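The block underneath contains the structure these notes are about, expressed in structure tokens.
For clarity, every value in this text was computed on a predicted model and none was experimentally measured.
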Amino acid sequence: MSTSEGPTAPFTTLSVSHPQDSITHVEICRPEKRNAMNKAFWHEMIDCFNQIAENSECRAVVFSGAGKLFTSGIDLMGMASDILQPEGDDTARISWNLRRIISKYQETFSVIEKCPKPVIVAVHGACIGGGVDLITACDIRLCTQDAWFQVKEVDIGLAADVGTLQRLPRVIGSRSLVNELALTARKMYADEAKSCGLVSRVFPDKETMMVGALEMAGEIASRSPVAVQGTKVNLIYSRDHSVPDALNYINTWNMSMLQTQDLMKSAQAAMEKKNLKEIAFSKL
């Protein structure tokens, strides 16, 4: 699944391919720069996932990094002008512009959550700084045995501001561990990432992991897109709301979604002991 032809036009930092029907593979493609996140990356991610969200052909996404590692995080040299020299005539105007810039950067990863298609992220080697922001916005996280994760921001003089401090506590569940990782910038290796729930599966190497990620995406894509996308939307809603509110939301959601033909098709397949991959569900 790894590409060797470089970024896919019009993108300059991302490679987008379709390894199987209904599956999209998105790859950070700056291996010569350790997949560092430059200015182009931040807006290309938004464009890419907005396109995926609207693409009725796509039912699942696999996200990975090209080259020797997943990502080294933010490209400090490439981003310095935005972060260190924001426009403005006084403190209020400089702050207002910096707030606008940070909001755009936050959307780079929030767009993954907003995309109704499930996103499986496959991490190999290092996942540093902005990489942790990215993976915590994904739905399923896989990694290789040599993977390691680092909330790096305190080492460069700032508090992480594009998702890690907000999503990582909900992913791991241990506030103490999250605080430790964020305040010390220590590395977390694959076994610990698995035991604390940051990733759900660990693979011996990248090749095996990508095969596993594609198989998992295929399983998801074989299900009713009405059911799959509704499940993702409601899982995220439930994370951020009380149980009574979330129950009311799924009640309102399913009073229309239960009227899909997919329900009867899935039930019939189960009764006839058919593989869901044999069932033709309409595009969504």
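- Counting non-hydrogen atoms of other residues, nucleotides and ligands closer than 6.0 Å to NZ of K194 gives a total of 12 or fewer.
- Here the shortest heavy-atom pairing between V123 and C127 reads CG1-CB, 3.7 Å.
- N251 places no side-chain N or O within donor-acceptor distance of the main-chain N or O of L247, the cut-off being under 3.5 Å.
- Ionic pairing of R30 and D75 is present here: one or more N-O contacts between side-chain nitrogen and carboxylate oxygen are shorter than 4.0 angstrom.
- Side chains of D133 and Q106: no donor on one and acceptor on the other come within 3.5 Å.
- Taking the six-membered ring where the residue is Trp, the centroids of W148 and F70 are separated by 6.0 Å or more.
- Hydrophobic clustering (side-chain heavy atoms under 4.5 Å, transitive across Ile, Leu, Val, Met, Phe, Trp, Tyr) keeps L14 apart from L69.
- Between the side chains of T144 and D205, no donor-acceptor pair is found at a separation under 3.5 Å.
- A parallel orientation is assigned to the rings of Y249 and Y237, their planes being inclined by less than 30° (bins at 30° and 60°).
- At least one side-chain heavy atom of S200 sits under 4.5 Å from a side-chain heavy atom of I140.
- Salt-bridge formation is detected for the pair R170/D240: a Lys NZ or Arg NE/NH1/NH2 atom is positioned less than 4.0 Å from an Asp or Glu carboxylate oxygen.
- A salt bridge links R93 to D90: one of the charged nitrogens lies within less than 4.0 Å of a carboxylate oxygen.
- Paired with F149 under the rule side chain to side chain contact (heavy atoms under 4.5 Å, CB included), one option of I128, I135, L181 passes, and it is I135.
- Two different hydrophobic clusters hold I102 and I156 under the rule that ILVMFWY side chains link at heavy-atom gaps under 4.5 Å.
- The environment of E180 atom CD is dense: over 12 non-hydrogen atoms of other residues, nucleotides or ligands sit within 6.0 angstrom.
- Note on R186 versus E192: salt bridge recorded, some NZ/NE/NH1/NH2 to OD/OE distance being below 4.0 Å.
- Of all the heavy atoms in I52 and C115, the pair that sits closest is CG2-SG, 3.9 Å.
- We find that E54 and K117 are not joined by a salt bridge, their nearest charged nitrogen and carboxylate oxygen being 4.0 Å or further apart.
- A salt bridge links E219 to K277: at least one charged side-chain nitrogen sits closer than 4.0 Å to a carboxylate oxygen.
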